[in-house]
Amino acid sequence: MRSSTRCGAAAVVLLLVLALWSAVAAQSKMPKLPAPYQFAQTGDSPGKVTFNHASHVDESAPSCTSCHPKAFSILKAGAAADGKPVTHAAMEKGQACGACHDGKKSFGFDDCTLCHRSQ
Ligand code: HEC
Ligand code: HEC
Ligand code: HEC
């Protein structure tokens, strides 16, 4: 009786250690995300746009393929899939940020200040 209780306790401890270890291992598998990227301000842009990987990647289920390489080049910082700068003309056709920022999957282009920040 007593030895089976001790055995059970040991199994629980082992499970906890395994869970902790796999959590740490999963974290180290998470690729290091690029730092926030400030786009070069083009045309009559109402303010600088900063893209933040940290707010777009779910660390518990990181997925890079929702954006790379279909929406954005991974080879050229701040470039759309075709290697060219991001434009509203392209975004309105559902490319680049417009793949999600369409007012349905995520906020759209009504409030400029959500992306264009002045300072
Ligand atoms: C929501 C869309 C989105 C997701 C998801 C995403 N990225 Fe990006 N990525 C971008 C955008 C936009 C750029 C261009 C701005 C920049 O360079 O940071 C970029 C650029 C990059 C670059 C090249 C430029 C740089 O700044 O070094 C690398 C490397 C990169 N991403 C890696 C990743 C990895 C790894 C993941 C998955 C863990 C990922 N990205 C997921 C949108 C995304
Ligand atoms: C794969 C889909 C996807 C793409 C592509 C995408 N976003 Fe987002 N973005 C989201 C979601 C989802 C949120 C969370 C807010 C929400 O639910 O509306 C968000 C939030 C944001 C926020 C608010 C949080 C923060 O980081 O300040 C900004 C700003 C933003 N996105 C800018 C951009 C820009 C600029 C691009 C293109 C360079 C872009 N996003 C591309 C899905 C996307
Ligand atoms: C989902 C994010 C997002 C929102 C919201 C947004 N923009 Fe932009 N915009 C961008 C990005 C990314 C660029 C490219 C970088 C730059 O030029 O600043 C850009 C560029 C621009 C440009 C110059 C290039 C072009 O395509 O014309 C203008 C003008 C502009 N935005 C106006 C606006 C106005 C006006 C609003 C509000 C009605 C708005 N934007 C809302 C992301 C956004």
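Sequence positions, counted from 1, serve as the residue numbers for this chain. Counting starts at 1 for both ligands and their atoms, in listed order.
Less than 4.0 angstrom separates some heavy atom of Asn52 from each of these atoms of ligand 2: 26 (O). Near Ser66, meaning under 4.0 Å from any of its heavy atoms, are these atoms of ligand 1: 5 (C). Close approach to Ala77 involves these atoms of ligand 1, each under 4.0 Å from a residue heavy atom: 17 (O), 24 (C). Near Leu33, the atoms of ligand 1 lying under 4.0 angstrom from a non-hydrogen atom of the residue are 38 (C). Against a heavy-atom cut-off of under 4.0 Å, Ile74 is close to the following atoms of ligand 1: 22 (C), 23 (C), 28 (C), 29 (C), 30 (C), 32 (C). Counting the atoms of ligand 2 from 1 in the order shown, those under 4.0 Å from a heavy atom of Val49 are 35 (C). For ligand 1, the atoms sitting less than 4.0 Å from at least one non-hydrogen atom of Gly78 are 14 (C), 15 (C), 16 (C), 17 (O), numbered in the order shown with element in parentheses.
For atom 17 (O) of ligand 3, the closest non-hydrogen atom of the protein is Thr42 OG1, 2.6 Å. Nearest to atom 26 (O) of ligand 2 among the protein's heavy atoms is Ser55 OG, 2.6 Å. The protein heavy atom nearest to atom 38 (C) of ligand 3 is Cys112 SG, 2.7 Å. In this structure, the protein non-hydrogen atom closest to atom 3 (C) of ligand 3 is Cys115 SG, 2.8 Å. Counting only heavy atoms of the protein, atom 11 (C) of ligand 2 lies nearest to Ser106 OG, 3.6 Å. Taking atom 28 (C) of ligand 2 as the reference point, the nearest protein heavy-atom neighbour is Phe107 CZ, 3.7 Å. In terms of protein heavy atoms, atom 32 (C) of ligand 3 is closest to Pro46 CD, 3.3 Å. The protein non-hydrogen atom at the shortest distance from atom 4 (C) of ligand 2 is Cys100 SG, 3.3 Å. Among all protein heavy atoms, the one lying closest to atom 42 (C) of ligand 3 is Met91 CE, 3.7 Å.
The nearest pair of heavy atoms linking Ala81 to Pro69 is CB-O, 3.6 Å. Minimum interatomic distance between Ala80 and Val86 (heavy atoms only, all atoms of both residues): N-CG2, 4.1 Å. Between Lys105 and Asp102, the shortest heavy-atom contact is N-OD1, 2.9 Å. Among all heavy-atom pairs drawn from Asp58 and Ser60, the shortest one is OD1-OG, 2.8 Å.
Looking at Phe51 against ligand 2, only its side chain comes within 4.0 Å, counting heavy atoms. Counting heavy atoms under 4.0 Å from ligand 1, residue Leu75 does not touch it at all. Looking at Ala40 against ligand 3, only its backbone comes within 4.0 Å, counting heavy atoms. Residue Phe39 touches ligand 3 through its side chain alone, judged by heavy-atom distances below 4.0 Å. Counting heavy atoms under 4.0 Å from ligand 1, residue Pro34 touches it through the side chain alone. Contacts of Thr87 with ligand 3, taken as heavy-atom pairs under 4.0 Å, involve both backbone and side chain.
The heavy atom nearest to atom 2 (C) of ligand 1, considering only Ser63, Ala80, Cys67, is found in Cys67. Of the listed options Leu114, Thr65, Thr50, Leu114 places a heavy atom closest to atom 29 (C) of ligand 2. When the options Pro62, Cys64, Pro36 are ranked by their closest heavy atom to atom 35 (C) of ligand 1, first place goes to Cys64.
Between His53 and ligand 1, at least one N/O pair is under 3.5 Å apart. Where the criterion is an N or O separation shorter than 3.5 Å, residue side chain and backbone included, His68 meets it with respect to ligand 1. Polar contact check, Ser45 against ligand 3: a nitrogen or oxygen pair lies under 3.5 Å apart. For the pair Gln41 and ligand 3, the shortest N or O to N or O distance does not fall below 3.5 Å.
Of the possible donor and acceptor atoms, none in the side chain of His116 sits under 3.5 Å from a partner among the backbone N and O of Val49.
Geometry note: atom 8 (Fe) of ligand 2 is the vertex, His56 NE2 and His101 NE2 are the arms, and the angle is 180° (rounded to 10 degrees).
Using a non-hydrogen distance threshold of 4.0 Å, Lys48 does not register as a contact of ligand 3. Residue-ligand proximity: Ala71 is placed with every non-hydrogen atom at 4.0 Å or more from ligand 1. Assignment of Val86 to the shell around ligand 2 is not supported, since no heavy atom sits closer than 4.0 Å. At least one heavy atom of Gly108 sits under 4.0 Å from some atom of ligand 3. Contact annotation: Asp111 has at least one heavy atom less than 4.0 Å from an atom of ligand 3.
Annotation: the span from Cys97 atom SG to Phe107 atom CZ amounts to 9.0 Å, rounded to 0.5 Å. Atom CD in Gln41 sits 9.5 Å away from atom OG in Ser118 (nearest 0.5 Å). Rounding to the nearest 0.5 Å gives a distance of 8.5 Å between NZ of Lys76 and CG of Asp82. Separating the NE2 atom in His68 from the OG atom in Ser63 is a distance of 10.0 Å, to the nearest 0.5 Å. Atom CG of residue Leu33 and atom OG of residue Ser55 lie 10.0 Å apart, to the nearest 0.5 angstrom. A distance of 5.5 Å separates NE2 in His88 from CZ in Phe109, rounded to the nearest 0.5 Å.
Under the 4.0 angstrom criterion, atom 8 (Fe) of ligand 3 counts as having a protein heavy-atom contact.
Of all N, O or S atoms in His116, the one lying closest to atom 8 (Fe) of ligand 3 is NE2. Summary: NE2 is the N/O/S atom of His88 found nearest to atom 8 (Fe) of ligand 3.
When side chains are defined from C-beta on, Phe51 does not count as touching Cys115, because their heavy atoms never get closer than 4.5 Å.
Coordination check, Cys97 versus atom 8 (Fe) of ligand 2: failed, since every N/O/S atom of the residue sits at 2.8 Å or beyond.
Cluster annotation: Tyr37 and Met91 are assigned to the same hydrophobic cluster (Ile/Leu/Val/Met/Phe/Trp/Tyr, side-chain heavy-atom contacts under 4.5 Å, transitive).
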